There are 2 protein chains.
Amino acid sequence: MKLAEAKAEFIQAWGTLGSSWGINRTMSQIHALLIVSPKPMSAEEIMDELKISRGNANMNIRALMDWNLVKKQLIPGERKEYFSAGKDIVEVARQIAKERKRREIDPILEVMESLKKVEGTDQETEDFKKVITELGDFTQKVESTLDKFIRSDKNWFYKTAIKLMS
Amino acid sequence: MKLAEAKAEFIQAWGTLGSSWGINRTMSQIHALLIVSPKPMSAEEIMDELKISRGNANMNIRALMDWNLVKKQLIPGERKEYFSAGKDIVEVARQIAKERKRREIDPILEVMESLKKVEGTDQETEDFKKVITELGDFTQKVESTLDKFIRSDKNWFYKTAIKLMS
DNA sequence: CTTATCTTTCAGAAATAATTGAAAGTTTAG
DNA sequence: CTAAACTTTCAATTATTTCTGAAAGATAAG
């Protein structure tokens, strides 16, 4: 398999994975493209490579910057803006975990918390509270573990994962 | 807040969370509804509660059964089929982890593996292989940790999470 | 200031996903 | 067997998300 072919396949696979986890396909693809690109790319180059429109490229590049997954690189003497993605996978995973936690887990935790305030002492209400409380506790634990991961040093994950598997 | 209201809000929140993680909103809502229902429900009752069509209800109930999140309950003397969801949250999370791993992580691991076979020894190819290998290794670690979680006893997660946080 | 280069915006178009509802299929009771 | 009760299927519709491309907005060079 040729390099160009492998890259294309990687970009494709990454886009599919992203979209099955609720992330826009193009956004994942641009991210993948920048991860495997040896040098920063301009919007134009990204458009050409992925065969997408200017608007689409611009919008998703900005989303990736919002997620702190892509950085703008200003090349001296160049008018255009160039973009690059971090290639340290653990760092990338950490960043994604951080953002999804903030955007999706934190809000639901608040809802769970507020639902514990439901009135009533009958069995059905108690059962409901129990489920909600367990769900909240579980989510808290996941959060805490993610927090640890997010704040940890670069090798923590590998070391810990090995420990957990033993 | 009244119980019925709290349940409705929970169902709504769960649906939203699901859809931002790539799971059909109705599927998540039916799951939530069954989790907080004290007794098994028929398709008819689910349709009424969530104001959805028969076809939609049927399709998503079946999807939930595919995911092993919902079980058919045959009530003696009743013609209708009734459905119930497991209420042990750790068990539910484990089941979801198991299915998503199988459906989405395993396939991408295969792709990663095949991409390592790319030809060439130039710098760009070496860099590509490095990224792909790291990504594969990382995904493997996540997989292994999930496996451990999936196969573990009911309290493993809580105990381990506490340990990791210390 | 004017022009050329580049970026952003956004309304409409296209693509994708979810939903409906009626018809067909099944199962069980009588 | 026949009819009633229930479930499944699926073509058509509706809703949602994504994408396009042209126009407007910046920015810097000349």
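Below, read A as the first sequence line, B as the second, and so on, with proteins coming before strands; counting in each chain starts at 1. What you are looking at is a predicted structure, and each value in this text was computed from that prediction instead of being measured.
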S.K.: Check the distance between C/dT9's P and A/Ile61's CD1 and give it to me in whole angstrom.
M.R.: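 A/Ile61 atom CD1 is separated from C/dT9 atom P by 13 Å.
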S.K.: Judged by each residue's nearest nucleotide on DNA chain C, which is more toward the 5′ side, A/Glu78 or A/Gly55?
M.R.: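 The answer here is A/Glu78.
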S.K.: I want to check one thing: is the phosphate of D/dT8, taken as OP1 and OP2, less than 4.0 Å away from some side-chain N or O of B/Asn58?
M.R.: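 For D/dT8, OP1/OP2 do have a side-chain N/O of B/Asn58 under 4.0 Å.
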S.K.: May I ask you to check whether over 12 heavy atoms, not counting those of A/Glu49, lie within 6.0 Å of atom CD?
M.R.: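 Not buried by this count: 12 neighbours or fewer within 6.0 Å.
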S.K.: Using side-chain heavy atoms (C-beta onward) and a distance below 4.5 Å, is B/Leu135 in contact with A/Trp14?
M.R.: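 B/Leu135 reaches A/Trp14 side chain to side chain.
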S.K.: Check if the side chain of B/Arg62 and the base of D/dT8 share a donor-acceptor pair of N or O atoms closer than 3.5 Å.
M.R.: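 Answer is no: no donor-acceptor pair is held.
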S.K.: Rounded off to whole Å, could you give me the NZ-to-C1' distance for the B/Lys51 and C/dT20 pair?
M.R.: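 Atom-to-atom, B/Lys51 to C/dT20, this comes out as 16 Å.
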S.K.: Measure distances between side-chain N and O atoms of A/Arg79 and base N and O atoms of D/dT27, and say whether any donor-acceptor pair falls under 3.5 Å.
M.R.: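 For A/Arg79, whose side chain was compared with the base of D/dT27, there is a donor-acceptor pair (under 3.5 Å).
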S.K.: Without decimals, in angstroms, what is the distance between A/Asp48 CG and D/dG21 C1'?
M.R.: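 So the CG-C1' distance, A/Asp48 to D/dG21, works out to 15 Å.
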S.K.: End-to-end bend of the helix from C/dC1-D/dG30 to C/dG30-D/dC1 (five-pair axes, 10° rounding)?
M.R.: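 Inter-axis angle at the ends, rounded: 10°.
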S.K.: Could you tell me whether A/Thr26 contacts a base, only the sugar-phosphate backbone, or nothing, with contacts defined as non-hydrogen atoms closer than 4.0 Å?
M.R.: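 Answer is sugar-phosphate: A/Thr26 comes under 4.0 Å of backbone atoms only.
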S.K.: From CG of A/Asn56 over to P of C/dT9, roughly how many Å is that when rounded to an integer?
M.R.: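 The answer, rounded to whole Å, is 14 Å.
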S.K.: Which of these, B/Arg100, B/Lys98, B/Lys101, sits in a salt bridge (Lys or Arg N to Asp or Glu O under 4.0 Å) with B/Glu143?
M.R.: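 Running salt bridge (Lys or Arg N to Asp or Glu O under 4.0 Å) over B/Arg100, B/Lys98, B/Lys101 with B/Glu143 returns exactly one hit, B/Lys101.
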S.K.: Is there a side-chain contact between B/Val118 and B/Ile132, using heavy atoms and a 4.5 Å cut-off?
M.R.: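 Side chain of B/Val118 against side chain of B/Ile132, heavy atoms only: no contact under 4.5 Å found.
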S.K.: Give the rounded distance in Å between these two atoms: CG of B/Leu74 and P of D/dC6.
M.R.: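 Atom CG in B/Leu74 sits about 13 Å away from atom P in D/dC6.
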S.K.: Distance alone, cut at 3.5 Å: any donor-acceptor contact between the side chains of B/Glu104 and A/Trp21?
M.R.: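 Side-chain D/A pair, B/Glu104 to A/Trp21: present.
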S.K.: Would you indicate whether the side-chain heavy atoms of B/Glu126 and B/Thr121 approach each other to under 4.5 Å?
M.R.: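 B/Thr121 reaches B/Glu126 side chain to side chain.
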S.K.: Round to a whole Å and report the spacing from CE of A/Met27 to C1' of D/dT17.
M.R.: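 Atom CE in A/Met27 sits about 15 Å away from atom C1' in D/dT17.
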S.K.: Whole angstrom is fine here: how far is it from NZ in A/Lys80 over to P in C/dT8?
M.R.: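 Taking atom P of C/dT8 as the reference, NZ of A/Lys80 is at 14 Å.
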S.K.: Would you kindly compare A/Asn24 and B/Met59 by the position of their nearest DNA chain D nucleotide and give the one closer to the 5′ end?
M.R.: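 Closest to the 5' end, via its nearest nucleotide, is B/Met59.
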S.K.: How do B/Glu44 and A/Ala57 order along DNA chain D: which one's closest nucleotide is nearer the 5' end?
M.R.: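 By nearest-heavy-atom nucleotide position, the 5'-most residue is B/Glu44.
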S.K.: Between B/Gln29 (CD) and C/dA18 (P), how many Å, whole number?
M.R.: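 Spelled out: CD on B/Gln29 to P on C/dA18 is 13 Å.
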S.K.: Looking only at side chains, do A/Asp122 and A/Thr125 share a donor and an acceptor under 3.5 Å apart?
M.R.: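 A/Thr125 and A/Asp122 do have a side-chain donor-acceptor pair below 3.5 Å.
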